[in-house]
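A note on names: the letters A, B, ... follow the listed sequences, proteins ahead of strands, and every chain is numbered from 1. Please read these numbers as outputs of a predicted model, since none were measured by experiment.
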Number of protein chains: 2
Amino acid sequence: MVQSKRPSLEDLLELLGQRGVYFILRSLQQGALRFGALQQATALPPRSLSLRLRDLEEMGLISRTEYQEVPPRVEYALTPLGKALEPALEALAAWGKTALKTP
Amino acid sequence: MVQSKRPSLEDLLELLGQRGVYFILRSLQQGALRFGALQQATALPPRSLSLRLRDLEEMGLISRTEYQEVPPRVEYALTPLGKALEPALEALAAWGKTALKTP
DNA sequence: CAGAATCCCCGCCGATACTG
DNA sequence: CAGTATCGGCGGGGATTCTG
């Protein structure tokens with residue numbers, strides 16, 4: 001467990017502004033996912049995805065679970081703090097839909 | 001009226017991630033404000049504030065009204081589309097408070 | 001499979017000065 | 001008052017390559 005950053009609203013917004021982060025959180029709302037699956041969902045290069053996942057983990061929004069197997073398997077899931085974002089993400093999505101209706 | 005950009009959710013998130021943008025929108029929810037007032041509210045240098053305001057205007061979230069007076073006066077206000085963001089901003093603020101309670 | 005390392009480049013950011 | 005002009009720095013971002 002890392003949880004180094006104080007999860008301030010400004011930090012969250014800055015992170016949400018990075019490409020793919022919104023999609024990562026939305027995807028994980030359906031359940032835990034592996035690195036490869038997130039790569040496909042976000043269309044991010046490995047390095048960028050890795051950085052974003054670390055940011056999210058440091059902010060306490062997601063957890064990383066490493067399974068000692070062959071082949072290696074790592075799963076990412078929302079923490080309670082991450083799940084608490086759901087209403088906000090819903091509200092943003094709702095705005096996005098209304099924005100399309102009134103051009 | 002400019003309204004050049006299609007207001008997609010990704011664009012909004014990217015813009016919200018820029019420093020000061022959240023504060024600009026929140027401040028304007030209380031009513032129209034002038035450039036100088038926004039400068040004080042956000043603590044942004046003039047150039048950055050000017051860029052952010054233009055981004056917001058291009059996305060159709062705020063409107064710019066210039067009064068031909070001496071001294072010059074310009075007021076920024078939320079458009080209906082900008083006001084439609086209020087629930088989302090509220091939800092984000094609510095998350096911010098819960099984030100503080102559960103460190 | 002899940003990342004780390006390296007490299008290079010551009011775009012933003014803030015500071016300072018100036019003007020209609 | 002409400003911006004624009006100019007500049008320098010640096011940090012993030014993507015592409016590519018390599019490894020436990």
> Does B:Arg52 have a side-chain nitrogen or oxygen under 4.0 Å from the phosphate oxygens OP1 or OP2 of C:dC13?
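Indeed, a polar side-chain atom of B:Arg52 lies that close.
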
> What contact category does B:Glu66 fall into here, base, sugar-phosphate, or nothing, at under 4.0 angstrom with non-hydrogen atoms?
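Answer is nothing: B:Glu66 stays at 4.0 Å or more from every strand.
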
> Between A:Leu51 and A:Pro72, which is nearer to the 5' end of DNA chain D once each is assigned its nearest nucleotide?
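Residue closer to the 5' terminus by nearest nucleotide: A:Leu51.
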
> Testing the basics here: between B:Ala88 and A:Ala91, what is the closest heavy-atom pair and its distance to 0.1 Å?
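Shortest heavy-atom separation between B:Ala88 and A:Ala91 comes out as CA-CB, 3.5 Å.
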
> Roughly, in whole Å, what's the span from CD in A:Gln18 to P in D:dG11?
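So the CD-P distance, A:Gln18 to D:dG11, works out to 15 Å.
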
> What is the nucleic acid contact for B:Gln39, judged by heavy atoms within less than 4.0 Å: base, sugar-phosphate only, or nothing?
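No contact at all - B:Gln39 keeps every heavy atom at 4.0 Å or more from the nucleic acid.
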
> So, for A:Tyr22 and A:Ala93, which heavy atoms are closest and what is the spacing to 0.1 Å?
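Shortest heavy-atom contact: OH-CB, 3.6 Å.
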
> Nearest whole Å is fine: how far is C:dA2 P from A:Tyr76 OH?
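Rounded to whole Å, this separation is 8 Å.
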
> Figure out the CZ/P separation between B:Arg47 and D:dG8, and round it to whole Å.
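Checked: the CZ to P distance equals 14 Å.
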
> Starting at atom CG of A:Leu49, determine the distance to atom P of C:dA2, rounded to an integer number of angstrom.
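One finds 10 Å between P of C:dA2 and CG of A:Leu49, rounded.
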
> CZ of A:Arg73: more than 12 outside heavy atoms within 6.0 angstrom?
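Yes.
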
> Atom CD of residue position A:Glu69 - does it have more than 12 heavy atoms of other residues, nucleotides or ligands inside 6.0 Å?
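Result for CD/A:Glu69: enclosed.
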
> Would you say A:Ser48 places a side-chain N or O within less than 4.0 Å of OP1 or OP2 belonging to D:dG13?
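Looking at the OP1 and OP2 atoms of D:dG13, neither is under 4.0 Å from any side-chain N or O of A:Ser48.
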
> Rounding to an integer number of Å, can you tell me how far B:Arg54 CZ sits from C:dC13 P?
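Value for this atom pair: 14 Å.
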
> Considering heavy-atom distances to DNA chain C, does B:Leu44 or A:Ser50 have its closest nucleotide positioned more toward the 5' end?
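Checking each residue's closest nucleotide, the 5'-ward one belongs to A:Ser50.
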
> Please report, rounded to the nearest Å, how far the P atom of C:dA2 is from the CG atom of A:Leu38.
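The distance from CG of A:Leu38 to P of C:dA2 comes to 9 Å, rounded to the nearest Å.
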
> With nearest nucleotide decided by heavy atoms, which residue, B:Arg19 or A:Ala37, maps closer to the 5′ end of DNA chain C?
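Looking at DNA chain C, the more 5' nearest nucleotide goes with A:Ala37.
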
> Return the value, rounded to whole Å, for the distance between atom CZ of A:Arg73 and atom P of C:dG3.
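The answer, rounded to whole Å, is 13 Å.
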
> Would you kindly give the CD-to-P distance between A:Gln40 and C:dA2, to the nearest whole Å?
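Rounded to the whole Å, the gap is 11 Å.
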
> Among D:dA2, D:dA15, C:dA15, which is the nearest nucleotide to the side chain of B:Val74?
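Out of D:dA2, D:dA15, C:dA15, the nucleotide with an atom closest to B:Val74's side chain is D:dA2.
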
> For A:Gln40, does the CD atom have more than 12 heavy-atom neighbours from other residues, nucleotides or ligands under 6.0 Å away?
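No, CD of A:Gln40 has 12 or fewer neighbouring heavy atoms, counting only those of other groups under 6.0 Å.
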
